[in-house]
Amino acid sequence: MMKEDEAKDNSNLHGRKSIPPYMKAISGSVGGIMEASCLQPIDVIKTRLQLDRSGNYKGILHCGATISQTEGVRALWKGLTPFATHLTLKYALRMGSNAVLQSAFKDPETGKLSGYGRLLSGFGAGVLEAIVIVTPFEVVKIRLQQQKGLSPELLKYKGPVHCAGMIIREEGFRGLWAGVAPTVMRNGTNQSAMFTAKNAFDVLLWKKHEGDGKVLQPWQSMISGFLAGTAGPICTGPFDVVKTRLMAQSREGGELKYKGMTHAIRTIYAEEGLLALWKGLLPRLMRIPPGQAIMWAVADQLIGLYERRYIQTAL
């Protein structure tokens with residue numbers, strides 16, 4: 001009798017963990033919209049710093065002030081439309097695919113997910129989002145962000161749709177996937193670390209296990225998300241710089257400066273030194289951890305609401 005009761009308890013425990021992937025996808029996309037609206041200026045500054053080869057910008061504050069003075073404050077939100085759309089779709093795919101992969105890696109007997117399975121699920125979700133969504137959207141975003149000037153008629157790209165069309169006409173569809181290799185490496189590594197770290201901080205700091213019915217306060221989610229978002233930028237800095245350089249260059253005017261990921265790393269190192277491979281790291285650290293804090297604060301509330309309404313009441 002005792003064993004039957006234990007089996008029922010274990011069955012209930014396993015049932016509480018079955019949050020459907022579509023709910024994860026919805027929560028991530030809503031969090032992405034909020035994140036994009038708050039943090040776009042930091043992303044613009046990061047891109048300009050990474051593309052600055054001649055030292056025009058003296059740092060984050062100087063870069064932001066220069067953009068505002070010479071191009072207007074609205075220039076700090078350049079590329080917001082593709083960025084917000086990109087984040088919404090990216091987080092939907094990331095959270096949904098990660099949930100599907102985690103289900104596949106769970107032990108069929110115990111319903112538990114190993115640390116190795118969590119890492120692989122995160123890496124797979126990062127690779128998928130990099131190929132399907134991140135690369136083409138970031139190519140358009142970076143081409144828009146690198147344009148300087150106040151007169152729209154003098155700018156090559158008039159907007160996201162016009163920019164994408166110009167790239168396809170001049171460089172073919174492959175032009176929208178410039179820099180896909182370092183993007184895959186960056187996103188795969190980032191998401192592998194982020195999902196693992198977020199779960200670890202939730203358990204360590206708040207004793208929160210997925211599906212247990214406990215809903216974190218928004219500030220608790222923000223702390224876990226912020227901490228989980230710090231490791232990736234440091235580890236993947238070179239991939240991000242190379243990705244930006246590859247995406248920013250076009251075939252206009254002759255040969256491409258960078259032939260691919262490895263060639264770009266060697267060239268940047270030879271011409272600008274080792275530290276150049278971590279250009280824009282500080283604005284990335286100002287951008288990614290706060291972004292993860294905002295996204296998880298929203299996502300955890302939506303997931304928690306679903307848990308309380310549709311999972312806990314069914315037990």
In plain terms, say whether [X] and [Y] are close enough for a salt bridge, that is, a side-chain N and a carboxylate O under 4.0 Å apart.
{"X": "K90", "Y": "E138", "answer": "no"}
{"X": "K279", "Y": "E272", "answer": "yes"}
{"X": "R143", "Y": "E171", "answer": "yes"}
{"X": "D202", "Y": "K198", "answer": "yes"}
{"X": "K208", "Y": "D300", "answer": "no"}

Solution key, residues 122-134 side-chain donor-acceptor pairs under 3.5 Å, sequence neighbours excluded:
residue, atom, partner, partner atom, Å
E129, OE1, R94, NE, 2.8
E129, OE2, R94, NE, 3.4
E129, OE2, R94, NH2, 3.1
E129, OE2, N187, ND2, 2.7
E129, OE2, Q191, NE2, 3.4

### Task
Mind running side-chain contact (heavy atoms from CB on, under 4.5 Å) on R48 and N56 for me, showing each step along the way?
CA-CA 10 Å; R48 289 290 182 88; N56 292 324; over 6 Å; no

Co-membership, hydrophobic cluster, residues [X] and [Y], 4.5 Å side-chain:
{"X": "L216", "Y": "F201", "answer": "yes"}
{"X": "V44", "Y": "Y57", "answer": "yes"}
{"X": "L39", "Y": "I45", "answer": "yes"}

### Query
Can you tell me how far CE of M194 sits from OG1 of T230, rounded to the nearest 0.5 angstrom?
12.0 Å

Within the supplied structure, the quantity of interest is the number of heavy atoms (other residues, nucleotides, ligands) at a distance under 6.0 Å from [X] [atom1]; does it exceed 12?
{"X": "L61", "atom1": "CG", "answer": "no"}
{"X": "M166", "atom1": "CE", "answer": "yes"}
{"X": "R53", "atom1": "CZ", "answer": "yes"}

### Message
Quick one about W296 and S224 (side-chain donor to acceptor, distance below 3.5 Å, no hydrogens or angles considered), yes or no?
### Response
no

Donor-acceptor pair, [X] side chain versus [Y] backbone, under 3.5 Å?
{"X": "T236", "Y": "F239", "result": "no"}
{"X": "Q220", "Y": "A297", "result": "no"}
{"X": "Q146", "Y": "L51", "result": "no"}
{"X": "R186", "Y": "V241", "result": "no"}

### Among Q145, E71, Q147, side chain to side chain donor-acceptor pair (under 3.5 Å) partner for K78
E71

### Message
Show me the pairs that pass side chain to side chain donor-acceptor pair (under 3.5 Å) and involve residues 19-29, at least two apart or across chains.
### Response
K24-E210

